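Bear in mind the structure is a predicted one, so any value in this text is a computation, not a measurement. Just so it is clear: chains get the letters A, B, ... in the order the sequence lines come, proteins before strands, and each one is counted from 1.
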Amino acid sequence: MEEYSNKQSTENLDDPPNSRLFVVTSRSITEDELRESFAGFGDIQGVWVVKDKQTKESKGIAYIKFAKSSQACLAMEEMHGKVVMEGTKPIKVFIAQSRSSTRHRDVEDEELTRIFVMIPKTFSEEDLKNTFKEYGEIEYCVIIKNKFTGESKGLGYVRYYKPSQAAVAIENCDKTYRAILAEPRNKASVSEDYNSGAGGGGGGGVGGGPRGDYGGGPDAMNQYAFNMGDPGNYQVMDYRSTDFTRFLMVSTRAALSQEQIFSLFDIIPGMEYCELQRDAYGMSKGHALIRYSNLGSAVYAKEKLNGFEYPPGNKLVVNFVDDGEDRSSPVGRMAMQFVATQMMSSVWNGPSSSQGLKPMQPLQQGYSGMSPMSRIQTDVSLPPPKKLAPPDSKAKERLFVVFSPSPLPPDVLEDVFCRFGSLIEVHLVPGRKVGYMKYADKQCADDAMAALHGHVVNGVKMKVMLADPPREESHKRPRTY
DNA sequence: CGACGGGACGC
DNA sequence: CGACGGGACGC
């Protein structure tokens, strides 16, 4: 029919967003006159003057749809306040509210001049400005940084002076910047923390163990109120050579796996041996035998874990295997304090400083290829850790990993999956029991898959497969623009 | 079964 | 003040 139809199909009104003008005119202005006045600013897709149902007279309101937001913005900037026809009042021009919006306030320039972009973490604010100044004069740039470390979060804001400049930037800048209009800063946006992934969802799950959710655990870690005066005395004493027993027996009414007990007693450094006692049918008898490399660790473990509820409601009973010796003797006390000191220093200085206990842990039994200090417990014979490939390496292969019953922490995964070489990064899918491992070398990825598929790490069984290729980049913009 | 695509400002 | 019409393809 009418080739220059004024109709605007409903679904196009907000496509792209902010491409439609709301114009307040004199009632005598016609659609044709408006079209003529606005034609120079871009591709007009529709002009509509709102008229009274009965009288068919203009209500002095019109909508003009452009193909692009930048065209609409430019037209707004240029035409607002202009007299379209001799003897009539100047028109007012705004970006129209989206049809779904319930708001009745004009869209202000404030909401149209600031863009939100994703940038390399190495970008300075100067870099940001230099990148985006080609679309228009910039009022200011800011990069969102970690408040404490000052490091960039890879996100930034750019404020222009005119809506058309922001719109042109969004339309024309490199797609990798993911530029969108910034939301006004007043309203609280979504929380930035997605770290809830490793949570205890397993609730008594096989693999979890107490590690990581130490909050409700024994008071071992926050109680260092022992006397630390003159620690030198403890070090001259070679309590490792004592004949005091270092065997503990833990009894539990609830069914705990060997992995769970291992994780629990491995909190105290120096554990050498942990074995769940089983009957002739392989069923747990509710007892496990634990040996530490030194008396202090054993005393400390009994002190802290005897009576500890794990899982909550199940009180553990921890005893020395033979009860002949007096372990509250000064020697036992001092030995325990030495261990506590080591643990505290490892808390303060990080795991690397815990090397001090290494010589005390010469052997393992039942857990191949790992030291008792390691966080890794697995049925795989793991090669030693290898360096990661540089983060900007090109991914030649990706592995898709499914965890059961629950995902392993990322640092553990990195430790395990790096050992075949060329690992770039570990990516866990939040809220799911799956993840991706990026490798810079195909052979390394294949080796990791061959070695790890179907195996168990820290009580978590893994399926390790080649990942499907990533989805093609969708050309739809999910949000504004 | 078990799939990735992101995002927010000390007012 | 100044905020949302007309009309109806074809799977």
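Among the heavy atoms of the strands, none lies under 4.0 Å from A:V49. Within the nucleic acid shown, A:R432 comes within 4.0 Å of sugar-phosphate atoms alone, with no base atom in reach, counting heavy atoms only. Counting non-hydrogen atoms under 4.0 angstrom, A:K53 reaches the backbone sugars and phosphates but no base. Here A:F403 lies out of heavy-atom contact (under 4.0 Å) with every strand.
With rounding to whole Å, A:L34 atom CG is found 18 Å from C:dG5 atom P. For the pair A:K51 NZ and C:dC4 C1', the computed distance is 13 Å after rounding to whole Å. We find that CD1 of A:I115 is positioned 17 Å from P of B:dC9, with the value rounded to whole Å. A:E139 places its CD atom 15 Å from the C1' atom of B:dC9, with the value rounded to the nearest Å. Atom CD1 of A:I144 is separated from atom C1' of B:dG7 by 8 Å (rounded to the nearest Å). Separating the CG atom of A:L155 from the P atom of B:dG10 is a distance of 12 Å, rounded to the nearest angstrom. Here B:dG2 presents its C1' atom at 7 Å from CE of A:M465, a figure rounded to the nearest Å. Residue A:E110 contributes atom CD, which lies 13 Å from atom C1' of B:dC9 at whole-angstrom precision.
Sorted by first and then second residue, the pairs that involve residues 429-444 of chain A and meet salt bridge (charged side-chain N to carboxylate O under 4.0 Å, His left out), not counting sequence neighbours, are A:E397-A:K442, A:E425-A:K438, A:K442-A:D446.
Here A:F116 lies parallel enough and close enough to stack on the base of B:dA8, with planes under 30° and ring centres under 5.5 Å apart. Stacking annotation: A:Y157 is not stacked on the base of B:dA8 (requires ring centroids less than 5.5 angstrom apart and an interplanar angle below 30 degrees). Evaluation of A:Y436 against the base of B:dC4 yields a stacking contact (centre distance < 5.5 Å, interplanar angle < 30°). The ring of A:W48 lies on top of the base of C:dG5, close enough and flat enough: under 5.5 Å between centres, under 30° between planes. In this structure, A:F400 forms an aromatic stack with the base of B:dA3, since both conditions hold: centre separation below 5.5 Å and plane angle below 30°.
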### Query
Stepwise, does the side chain to side chain donor-acceptor pair (under 3.5 Å) test hold for A:D32 with A:T30?
CA-CA 5 Å; A:D32 286 348; A:T30 67; 5.4 Å; no

Show the atom names and distances, to 0.1 Å, of all donor-acceptor pairs under 3.5 Å that link a side chain in residues 121-132 of chain A to residues at least two apart or in another chain.
from: A:S124; atom 1: OG; to: A:E126; atom 2: N; distance (Å): 3.3
from: A:S124; atom 1: OG; to: A:D127; atom 2: N; distance (Å): 3.0
from: A:S124; atom 1: OG; to: A:D127; atom 2: OD2; distance (Å): 3.2
from: A:E125; atom 1: OE2; to: A:I143; atom 2: N; distance (Å): 2.9
from: A:E125; atom 1: OE2; to: A:K145; atom 2: NZ; distance (Å): 3.2
from: A:D127; atom 1: OD2; to: A:S124; atom 2: N; distance (Å): 2.9
from: A:N130; atom 1: OD1; to: A:K133; atom 2: NZ; distance (Å): 3.2
from: A:N130; atom 1: ND2; to: A:E126; atom 2: O; distance (Å): 3.3
from: A:T131; atom 1: OG1; to: A:D127; atom 2: O; distance (Å): 2.7

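Closest contact between the side chain of A:F22 and the listed nucleotides C:dC4, B:dG5, C:dG2 involves C:dG2. Listed candidates were B:dC9, C:dC4, C:dG2. Nearest to the side chain of A:I61 is C:dG2. Of the candidate nucleotides C:dG2, C:dC4, B:dC9, C:dG2 has the atom nearest to the side chain of A:V24.
Checking the phosphate oxygens (OP1, OP2) of B:dG5, a side-chain nitrogen or oxygen of A:H427 falls inside 4.0 Å. The side chain of A:R103 contributes no N or O atom lying less than 4.0 Å from OP1 or OP2 of C:dC4. Close to C:dC4, at under 4.0 Å from its OP1 or OP2, lies no side-chain N or O of A:R99. At the phosphate of C:dG2, OP1 or OP2 sits under 4.0 Å from a side-chain N or O atom of A:R27.
Comparing A:A182 and A:K463 by the nucleotide of DNA chain B that holds the closest heavy atom to each, the one mapping nearer the 5' end is A:K463. A residue-by-residue look at A:K92 and A:K56 shows that A:K92 has its nearest nucleotide of DNA chain C further toward the 5' end.
Counting atom types as modelled, A:R185 pairs a side-chain N or O with a base atom of B:dC11 as donor and acceptor under 3.5 Å. Below the 3.5 angstrom threshold, one finds no donor paired with an acceptor across the side chain of A:R159 and the base of B:dC9. Residue side chain A:K433 does not reach the base of B:dG2 through any donor-acceptor N/O pair under 3.5 Å, judged by distance alone.
Separation of the A:F41 and A:F66 ring centroids does not fall under the 6.0 Å cut-off.
If you take OH on A:Y436 and CG on A:L428, they are separated by 11.0 Å, rounding to the nearest 0.5 Å. Between the OG atom of A:S152 and the CD1 atom of A:I119 there is a distance of 5.0 Å, given to the nearest 0.5 Å.
Between A:M85 and A:T88 there is a side-chain heavy-atom pair separated by less than 4.5 Å.
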